[in-house]
Structure formats: structure tokens, C-alpha cells
Amino acid sequence: MKMHLDEKIWLILSFGMIMGMMLFTGYQTFVLGMGPPSHMETIDPQQVDETAPFNEPGITQVGEDEYEVIMTLELFSFNPGDIEIPAGSTVHFTMTSKDVTHGFQVTGTNLNAMVMPGHIQKISQTFNEPGEYLVLCNEYCGVGHQHMSTTITVN
Ligand code: CUA
């Protein structure tokens with residue numbers, strides 16, 4: 001097979017670019033240890049109700065303008081739902097699923113997390129603007145998926 005020189009150059013260039021990107025991604029993953037933080041902590045999804053802190057889901061004030069929310073997600077609800085907090089609060093969410101993979105997306109914010117059974121998901125957000133924020137499950141989880149929602153009210 002006869003190949004033009006410029007064809008060879010392009011082949012070598014594109015192959016080199018792919019190799020470069022794969023090496024860079026591998027370096028980030030294995031040398032720098034970059035990756036989704038949600039896989040760090042695990043839990044037995046069958047024992048969520050008996051495992052602290054998920055045996056007591058709810059909102060706790062942990063500091064001035066700082067709250068902790070322990071939340072379980074299941075078909076098709078968020079527990080606790082209808083969260084109310086004062087404006088300016090920083091909320092630390094600790095979440096897990098009791099059954100299948102759910103989503104936790106809060107409209108009007110950058111909050112968007114995947115909540116998987118067997119894994120503990122942690123994410124924080126400061127709510128400065130008063131209003132009612134819609135919380136949605138954005139991972140298809142079954143026939144009631146479209147009804148899986150709640151609100152966070154910032155006063
Ligand atoms: Cu939970 Cu969709």
C-alpha cells in the first residue's frame with residue numbers, strides 16, 4: 001500500500017494526540033488520585049435504616065449559618081423533604097440510596113449529584129438567595145421517577 005507523506009504525518013499526529021490524552025488521564029487518575037469523591041465511603045444498602053448517621057435522617061444546625069442534612073433517597077422520595085433554612089446558610093448534604101440509583105438536582109444552583117445504593121454522597125451548598133428551590137431526581141429510577149421531587153425553602 002502506498003501512502004503519501006502527509007497522510008503518514010497526520011496518522012502519527014492523531015495517534016500521538018490520543019496516546020497523549022490517555023497518558024494524561026491515567027496520570028490524573030493513578031498518580032494524582034483524582035476521581036469522583038462519592039466512591040470514598042460505602043454503606044450496606046440493605047442496612048441503611050440501622051446505620052449511623054442514616055438511622056436518623058434530618059436537618060441539624062452544626063454552626064452559625066451552617067446545617068447538616070442527613071438524607072436517604074428511595075423510590076420515590078427524599079427523606080427529609082420540604083427542607084427549610086435561613087438565607088445565607090451553608091448546607092452539607094450527606095446522602096445515600098436505599099434501593100436504586102437516584103439523582104439529587106437543585107434547580108437554580110450547581111447542586112447535581114448521583115446518589116447510588118452502597119455509596120455515601122457528600123455535597124455542600126450555600127443558599128444566599130431566598131426562595132423555593134425545586135429538588136429533582138434526575139436519574140431514571142422507575143415508574144414514579146417523574147414524581148420524585150421536593151423543595152428547599154430559603155427564608
Ligand atoms: Cu429517583 Cu428518579
Side-chain angles (χ1 to χ4, degrees), residues 14 17-155:
S14 49
M17 276 161 71
I18 291 168
M19 289 311 289
M21 282 182 216
M22 280 167 66
L23 282 172
F24 183 64
T25 307
Y27 173 75
Q28 283 185 316
T29 306
F30 298 109
V31 181
L32 301 180
M34 284 167 68
S38 56
H39 291 239
M40 305 290 271
E41 283 178 78
T42 57
I43 183 171
D44 181 350
Q46 310 281 334
Q47 306 279 322
V48 171
D49 286 333
E50 294 83 47
T51 309
F54 298 104
N55 52 348
E56 287 179 64
I59 314 168
T60 319
Q61 186 162 9
V62 290
E64 201 186 339
D65 303 325
E66 222 173 327
Y67 292 82
E68 183 180 47
V69 170
I70 305 296
M71 184 183 274
T72 57
L73 285 75
E74 62 187 303
L75 302 166
F76 299 97
S77 61
F78 299 88
N79 180 27
D82 301 323
I83 292 169
E84 280 188 47
I85 43 154
S89 303
T90 299
V91 185
H92 307 289
F93 295 91
T94 301
M95 300 175 285
T96 195
S97 167
K98 288 163 75 172
D99 37 49
V100 300
T101 298
H102 296 283
F104 179 80
Q105 179 169 14
V106 184
T107 55
T109 71
N110 281 334
L111 275 180
N112 187 353
M114 190 188 253
V115 183
M116 289 178 290
H119 294 280
I120 296 172
Q121 178 70 278
K122 288 185 175 175
I123 193 164
S124 297
Q125 175 76 28
T126 303
F127 294 89
N128 288 318
E129 285 290 308
E132 195 182 81
Y133 295 77
L134 185 62
V135 181
L136 290 171
C137 173
N138 60 6
E139 296 286 337
Y140 182 74
C141 53
V143 287
H145 163 70
Q146 69 272 24
H147 301 299
M148 188 165 168
S149 70
T150 186
T151 56
I152 295 172
T153 307
V154 179
N155 295 309

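When a ligand or atom number is given, it counts from 1 through the structure's own listing order. All residue numbers refer to positions in the sequence shown, counting from 1.
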Participant: Return the OG1 to CD distance between Thr94 and Glu68, rounded to the nearest 0.5 Å.
Facilitator: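 Answer for the OG1-CD pair, Thr94 versus Glu68, is 5.0 Å.
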Participant: Excluding waters, how many protein N/O/S atoms sit closer than 2.8 Å to atom 1 (Cu) of ligand 1?
Facilitator: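 The number of such protein atoms is 4.
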Participant: For the CD1 atom of Ile120 and the OG1 atom of Thr42, what is their distance to the nearest 0.5 Å?
Facilitator: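 One finds 7.0 Å between CD1 of Ile120 and OG1 of Thr42.
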Participant: Do Asp65 and Ser89 pair up side chain to side chain, a donor and an acceptor below 3.5 Å, judged on atom types alone?
Facilitator: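 No, Ser89 and Asp65 have no side-chain donor paired with an acceptor closer than 3.5 Å.
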Participant: Looking only at the side chains, is there a donor atom on one of Glu50 and Asn55 sitting less than 3.5 Å from an acceptor on the other?
Facilitator: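 No, no side-chain donor-acceptor pair sits under 3.5 Å.
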Participant: Going by the ring pair (Phe, Tyr, Trp, His ring centres under 6.0 Å) test, which pairs reach into residues 71-98, not counting sequence neighbours?
Facilitator: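 Listed once each, the pairs are Phe93-Phe104.
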Participant: Give, for atom CE of Met148 and atom CD of Glu139, the distance between the pair rounded to the nearest 0.5 Å.
Facilitator: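 One gets 10.5 Å once the value is rounded to the nearest 0.5 Å.
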